Asker: 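I have a structure I would like to understand better, so I am pasting it below and will then ask my questions one at a time.
Values reported hereafter were calculated over all heavy atoms of this structure, with side chains retained and with hydrogens, waters and symmetry mates removed. This one's a predicted model, so the numbers in the text were calculated from it and none came from an experiment.
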Amino acid sequence: MFEGQKDKTALWSECRFIDPAFTKTFTRRGGFKGRSINATYVIMRATEVFGPIGLGWGWNIIDDRYADGHEILSGDGAVLGSEIVHVVRIKLWYTWNGQRGEIEHFGQTMFVENTSGGLKTDEEH
């Protein structure tokens with residue numbers, strides 16, 4: 001809770017609507033479907049609400065690593081290696097109504113993935 005603030009959901013209300021033009025649908029292996037938000041849009045909105053990165057908000061990387069994922073097998077069942085998952089844990093900090101807040105969060109994405117079209121490396125890592 002922020003000191004002296006009556007509406008404890010003011011920040012939520014400020015940021016809850018996302019311009020659909022900055023989202024896209026996706027489908028993952030196993031049939032999981034969803035919508036993702038453009039990362040540049042998220043940074044733009046955070047800058048509008050909190051100010052420039054490094055002054056009104058920012059993050060510190062707590063852990064950043066690559067982990068083995070599912071085994072990659074040859075046609076005869078021999079193990080060729082494994083998919084690679086990029087895992088990151090951060091502490092996001094922000095200033096709201098003159099007070100500093102922090103949120104710890106983690107996420108992961110496939111770095112090397114075995115797809116129906118063969119191995120794919122995510123070039124954005």
Asker: For residues Val88 and Ile53: do they belong to one hydrophobic cluster (side chain heavy atoms under 4.5 Å, members Ile, Leu, Val, Met, Phe, Trp, Tyr)?
Answerer: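 Linked, Val88 and Ile53 end up in one cluster.
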Asker: Kindly determine whether Thr23 and Arg35 satisfy side chain to side chain donor-acceptor pair (under 3.5 Å), including the steps that lead there.
Answerer: CA-CA 6 Å; Thr23 67; Arg35 291 191 69 76; 2.4 Å; yes
Asker: Can a donor-acceptor pair be found, under 3.5 Å and without considering hydrogens, that links the side chain of Thr95 to the backbone of Gly98?
Answerer: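 No: the side chain of Thr95 does not pair with the backbone of Gly98.
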Asker: Using side-chain contact (heavy atoms from CB on, under 4.5 Å), reason through Arg89 and His105 one step at a time and then give a plain yes or no.
Answerer: CA-CA 6 Å; Arg89 187 166 52 119; His105 189 71; over 6 Å; no
Asker: Decide yes or no for Leu73 and Val79: does some side-chain heavy atom of the first lie under 4.5 Å from some side-chain heavy atom of the second?
Answerer: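 They are in contact (side-chain heavy atoms under 4.5 Å apart), so the answer is yes.
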Asker: Do side-chain atoms of Glu83 reach the backbone of Asn114 as a donor and acceptor pair under 3.5 angstrom?
Answerer: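 Checked: pair present.
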Asker: Measure the NZ-CD distance between Lys91 and Glu104 for me, rounded to the nearest 0.5 Å.
Answerer: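 CD of Glu104 is found 5.5 Å from NZ of Lys91.
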Asker: Taking the side chain as C-beta and beyond, is there a heavy-atom pair between Arg65 and Asp63 under 4.5 Å?
Answerer: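 Yes, at least one pair of side-chain atoms sits under 4.5 Å.
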Asker: Do Arg100 and Trp93 come close enough that some side-chain heavy atom pair is under 4.5 Å?
Answerer: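 The answer is yes; the side chains approach within 4.5 Å.
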Asker: Measuring from atom CH2 of Trp59 to atom CD1 of Ile90, what distance do you get when rounded to the nearest 0.5 angstrom?
Answerer: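 Rounded to the nearest 0.5 Å, the CH2-CD1 separation comes to 7.5 Å.
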Asker: Would the distance check show the side chain of Tyr41 and the main-chain N or O of Asp19 forming a donor-acceptor pair, the cut-off being under 3.5 Å?
Answerer: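 The answer is yes, because a donor-acceptor pair under 3.5 Å joins these two groups.
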Asker: Is there a continuous path of hydrophobic side-chain contacts, each under 4.5 Å between heavy atoms, that joins Val87 to Ile62?
Answerer: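 Shared cluster, no.
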Asker: Hey, are the side chains of Thr121 and Phe111 touching, using non-hydrogen atoms and a 4.5 Å cut-off?
Answerer: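 A side-chain contact under 4.5 Å exists here.
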Asker: Would you say that Ile72 contacts Leu119 through its side chain, given a criterion of any heavy-atom pair below 4.5 Å between the two side chains?
Answerer: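 Yes. Closest side-chain heavy atoms under 4.5 Å.
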Asker: Does any non-hydrogen side-chain atom of Thr40 lie less than 4.5 Å from one of Val42?
Answerer: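 The answer is no, as the side chains (C-beta and beyond) never meet within the 4.5 Å cut-off.
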Asker: Between Trp96 and Gly101 (side chain of the first, backbone of the second, donor and acceptor by atom type, cut-off under 3.5 Å), is there such a pair?
Answerer: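 Between the backbone of Gly101 and the side chain of Trp96 there is no qualifying donor-acceptor contact (under 3.5 Å).
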Asker: Quick check: is Val49 connected to Trp12 through a chain of hydrophobic side chains (ILVMFWY, heavy atoms under 4.5 Å apart)?
Answerer: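 Trp12 does not cluster with Val49.
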Asker: So with a 6.0 Å cut-off around CZ of Phe106, is the heavy-atom count from everything else above 12?
Answerer: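 Open: at most 12 neighbouring heavy atoms sit under 6.0 Å from CZ of Phe106.
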Asker: Which is it for Asp122 and His86 under the side chain to side chain donor-acceptor pair (under 3.5 Å) test, yes or no, and what are the steps along the way?
Answerer: CA-CA 10 Å; Asp122 183 344; His86 180 218; over 6 Å; no
Asker: Val85 and Gly69: which non-hydrogen atoms are nearest, and at how many Å?
Answerer: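 Answer, listing the atom of Val85 first, then Gly69: CG2-CA, 4.2 Å.
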Asker: Does the side chain of Trp57 come within less than 4.5 Å of Ile43's, by heavy atoms?
Answerer: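 Counting from C-beta outward, Ile43 and Trp57 do come under 4.5 Å.
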Asker: Determine yes or no for a side-chain-to-main-chain donor-acceptor pair under 3.5 angstrom, with Thr9 supplying the side chain and Ser13 the backbone.
Answerer: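 No, the answer is negative, given that no donor and acceptor are paired below the 3.5 Å cut-off.
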Asker: Does the side chain of Leu11 reach to within under 4.5 Å of the side chain of Phe50, using non-hydrogen atoms?
Answerer: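 Yes, at least one pair of side-chain atoms sits under 4.5 Å.
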